[in-house]
Amino acid sequence: MRPFRGPNFSLILFFLILHIFLLLPANGVHPLDPLTPSELNQVRTLITKSHQDVTFHYVGLDEPDKPKVLSWLSRNQPPNFFHHRIAFAIVRTNSQTHEIKIDLSSNLILSDKVYDGDGYPMLNNEEQTAAGELPLKYPPFIASIKKRGLNLSEVLCEVFTIGWYGEKNTKRAVAVMCYYVDGTVNFYMRPIDGIMATVDLDKMKIIQYRDRLMIPVPKADDTDYRESKQDTHFDTRIKSMTISQPNGPSFTIDGNNVRWANWKFHLAFDMRVGPIISLASIYDHDMHKYRKVMYRGYISELFVPYQDLSEEWYFRTFLDAGEFGFGICAVPLQPSTDCPPNAVFMDGYYTTRDGTPAKTSNVFCVFERYAGDIMWRHSETILPGDTVEVRPDVTLVIRMVSTVANYDYIIDWEFKQSGSIKVTTSLSGMLAVKGSAYTHKDQIQEEPYGTIVAENTIGTRHSHFLSFHLDLDIDGDANSLVKAHLQTVRLTNGSSPRKSYWKVVEEVAKTESDAKIRLGTGATEIIVVNPNKKTKVGNNIGYRLIPGSLAGPLLWEDDHEQIRGAFSNYNVWVTPYNKSEKWAAGVYIDQAPGDDTLAKWTLRNRDIENKDIVLWYTLGFHHAPQQEDYPIMPTLSGGFELRPANFFDRNPVLKVKTPKPVKWVNCSA
Ligand SMILES: *[C@@H]1O[C@H](CO)[C@@H](O)[C@H](O)[C@H]1NC(C)=O
Ligand SMILES: *[C@@H]1O[C@H](CO)[C@@H](O)[C@H](O)[C@H]1NC(C)=O
Ligand SMILES: *[C@@H]1O[C@H](CO)[C@@H](O)[C@H](O)[C@H]1NC(C)=O
Ligand SMILES: [Cu+2]
């Protein structure tokens, strides 16, 4: 045995350990916490010291390797005890893209690599604003505006990424197209079509300009959506209502850790993808412990290909997360309208062009939702007496709204006490419309590529696809994908009065190609199971994907934009966990040929059985616009649900108690 070195030393050591174990976790960082403003500043200081004229395109947490995080979790160690915080930055300098890793703990640049592959990083807001202002000082454009009898001071221009159509990329080019604001805030309904400038973003210069067609600019009449601009003759206003939680919410937010009812998880903001839910676990009342469900879940990419082939439109095949930043585009949520009055808000930080952090206040809201729904119920109608049991369904919602130019995406991650995680994606905002000479459908002879939604206004057809990265760890990280086929059995031998019945035939996906699935035809249930664990009665422990908003690809698989947005080829994909496979359309999206996508990774056809796997779910909407979408689109929702499938031994909400009724204070005074 080693002797003690003296009482003083062990006392110091004792307090040191006490400090590390008790104090640091409370104030310390979780290994998956997003970078703080001071960390973002630290990144900027280090990078601007070693590079001149550098612009920032992405800065985020380079999260520790998964096994490390899992071992940290299982040993319950404080985060600072074992790991360094690493930041990952993508910057441009000298017309080159650099990938830089920074050790924030020791304030050092760990690596600085020039990326010389195809494709360019996300655009930052500041360069888009600058590029949008270029036409306004460009004489040929000024002449075009004059020629149309428009007022230059009422013109506003916006940047469009240009996709990739087989050309060799030599510059970060974007298209700039303009709108007429005059008399409305809804300038998206007033495109100045037929004019297009191409801008080199690194040189910040117009490199090509075309004024191809004189197309009437749609009128401002009836485009404004502000409440003050509406004249309503028949008032259908709903009477006031509110939500009352006199004892406060039932959730706690400690840093980025959220706990509510039987759930706990970590919530982080990322400038590229927006909300990231990590380490979601649910408490099992029978086993008296938390059990893992999802290691990490987030929107990995969005794909919005428009279907108009004209010169100013054919390339509009956006990949919003990798081109514009779904997190950068997130907007501050408005209390009591974007979220209910009982919501709690969180802020998010991202990096601007020069590296300084920007804050988006109220980027997330967290609230308990009770909309009068039923969690479970039964009336015993035959039994004498009146046994009626009903439990109201209260859920927890995490919400973010990202306004990617004209469109507003409302993203809800909803946790149910029953163990379900329900994701709802809703669309609102403005259609992308095209100016047109036509004022009535009967005048249109050629292919309009859309619907005439108002005079001189064509709402262009398009699709929205969202790819969800769902790293499920169902009660542990080794999982398998089961395709449970519901098969009709035909009876022809007279063994039963019945002529048919259906049964379940389970098929385990062995490799990545077995897990590329188009849903919507036939009856196949998608279940992620833990093949190493069983319920008491012997079923595989699992979680089922309940698909929603199924939309398959409508473009040819070898069309350029479809290669780039290839994640939309299937509704379901499964890959073995690989930290670098985060974004379904690749790291560098702008003008990329689509050589770093989910479709390319899965060609390796890796084993996925009883492995740490990631489920990728593609949901989609095909949008052939309708007149009701004009001048602003009423919300259209879709989504999917992950629901326990033999995860629990029985109904996990059997013992959930009904919330106590609210005692209303008499407010009649
Ligand atoms: C152009 O717009 C500006 C700003 O709204 C306004 O002050 C000006 O009177 C307009 N000029 C014409 C010719 O309409
Ligand atoms: C009749 O057909 C069903 C379905 O194929 C089979 O399960 C069953 O064993 C058959 N019964 C007899 C008596 O052959
Ligand atoms: C992880 O994925 C990347 C990108 O697909 C690949 O280059 C790398 O080889 C993969 N690593 C492993 C261990 O499979
Ligand atoms: Cu749409």
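Atoms within a ligand are numbered from 1 in the order they appear, just like the ligands themselves. FYI, the numbering just counts along the sequence from 1.
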What pairs of donor and acceptor atoms, side-chain ones from residues 461-468 against any protein atom, are under 3.5 angstrom apart with sequence neighbours left out?
unit_1	atom_1	unit_2	atom_2	d
R461	NH1	E447	OE2	3.0
R461	NH2	G450	O	3.4
H462	ND1	T460	O	2.8
H462	NE2	Y407	OH	3.1
H462	NE2	H464	NE2	3.0
H462	NE2	H623	ND1	3.1
S463	OG	H622	ND1	2.8
H464	ND1	Y409	OH	2.9
H464	NE2	Y407	OH	3.3

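Shown here, atom 14 (O) of ligand 2 is in close reach of the protein: a heavy atom of it lies under 4.0 Å off. Proximity of atom 2 (O) of ligand 2 to the protein is indicated by at least one non-hydrogen atom lying closer than 4.0 angstrom. At a distance under 4.0 Å, no protein heavy atom can be found next to atom 7 (O) of ligand 2.
Proximity of the aromatic rings of W601 and W616 is defined here by a centroid distance below 6.0 angstrom, and this criterion is met.
Remark: side-chain polar atoms of K434 are not paired, donor with acceptor, to backbone N or O of N456 under 3.5 angstrom. Formation of a donor-acceptor pair under 3.5 Å by the R272 side chain with backbone atoms of E301 is not found in this model. The closest donor-acceptor contact from the side chain of W164 to the backbone of E167 lies under 3.5 Å. Q230 places a side-chain N or O within donor-acceptor distance of the main-chain N or O of D224, the cut-off being under 3.5 Å. Of the possible donor and acceptor atoms, none in the side chain of Q562 sits under 3.5 Å from a partner among the backbone N and O of D558.
Each of the atoms 2 (O), 4 (C), 5 (O) of ligand 1 lies under 4.0 Å from some heavy atom of E154. If you number the atoms of ligand 2 from 1 as listed, the ones under 4.0 Å from a heavy atom of S495 come out as 1 (C), 11 (N). Near S153, meaning under 4.0 Å from one of its heavy atoms, ligand 1 places the atoms 1 (C), 2 (O), 3 (C), 4 (C).
Only side-chain heavy atoms of L491 come within less than 4.0 Å of ligand 2; its backbone N, CA, C and O stay farther off.
Distances shorter than 2.8 Å separate the Cu ion (ligand 4) from the protein N/O/S atoms Y407 OH, H462 NE2, H464 NE2, H623 ND1.
Some N or O of N493 is nearer than 3.5 Å to an N or O of ligand 2, by distance alone.
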